[in-house]
Amino acid sequence: MGFNRRTYREAPYRDAIARYLYLGEREKALQTAERLATSRLWAVAGPTQVRPMSFFEDPNLREFLLEPESLRRIREAALIDNGTLTRK
């Protein structure tokens, strides 16, 4: 298995989410998932491109993706302001 730059850059977010969930800090875990969704990794994907599949395969994010309210928050966070790669 070779070096994957995307996975390397996502690792701190994923580690933080796992730790927050372990400590029972669900809201902080969700906020970190929102930051991951607004990261440059997502911004560089064009409107017709698929976002990183690893985001949807992460077992720690599963509960957020299954709940309508948290999924809505993640979707809104993933929106980038007018294509300038700046966070809303």
Side-chain angles (χ1 to χ4, degrees):
M1 185 159 135
F3 174 75
N4 184 328
R5 189 178 307 233
R6 181 182 302 150
T7 302
Y8 176 76
R9 290 182 182 164
E10 292 177 358
Y13 292 106
R14 295 181 186 288
D15 290 346
I17 292 167
R19 286 187 176 103
Y20 282 136
L21 290 174
Y22 176 78
L23 295 172
E25 298 282 349
R26 188 179 187 287
E27 182 61 27
K28 287 183 180 179
L30 179 54
Q31 290 170 355
T32 305
E34 290 175 28
R35 282 193 295 277
L36 175 58
T38 61
S39 72
R40 186 167 175 84
L41 297 169
W42 283 61
V44 295
T48 59
Q49 292 177 312
V50 176
R51 300 303 185 237
M53 196 62 195
S54 60
F55 185 89
F56 301 99
E57 295 172 340
D58 189 317
N60 289 320
L61 294 171
R62 179 179 165 82
E63 69 178 88
F64 300 132
L65 298 173
L66 292 175
E67 295 174 2
E69 178 59 24
S70 58
L71 180 59
R72 182 193 59 76
R73 286 177 57 181
I74 290 169
R75 281 183 177 158
E76 287 178 1
L79 296 176
I80 301 300
D81 185 23
N82 73 10
T84 61
L85 303 182
T86 56
R87 294 164 92 172
K88 289 173 53 178

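The shown structure was predicted, so the numbers you read here are calculated from the model rather than taken from an experiment.
- Arg73 is listed as a side-chain neighbour of Gln31, based on a closest heavy-atom distance under 4.5 Å.
- For Leu65, the side-chain contact (heavy atoms from CB on, under 4.5 Å) test picks out Phe55, Phe56, Leu61, Leu71, Ile74, with sequence neighbours left out.
- In terms of the salt bridge (charged side-chain N to carboxylate O under 4.0 Å, His left out) criterion, residue partners of Arg26 (sequence neighbours excluded) are, by chain and number, Glu63, Glu67.
- When hydrophobic side chains of Ile, Leu, Val, Met, Phe, Trp and Tyr are connected at separations under 4.5 Å, Tyr22 ends up clustered with Leu23.
- Side-chain contact between Phe64 and Leu21: present, with at least one pair of heavy atoms (C-beta onward) separated by less than 4.5 Å.
- A distance of 8.5 Å separates CG in Leu36 from CG in Asp58, rounded to the nearest 0.5 Å.
- A salt bridge between Glu76 and Arg72 is present, with a side-chain N of the basic residue lying under 4.0 Å from a carboxylate O of the acidic one.
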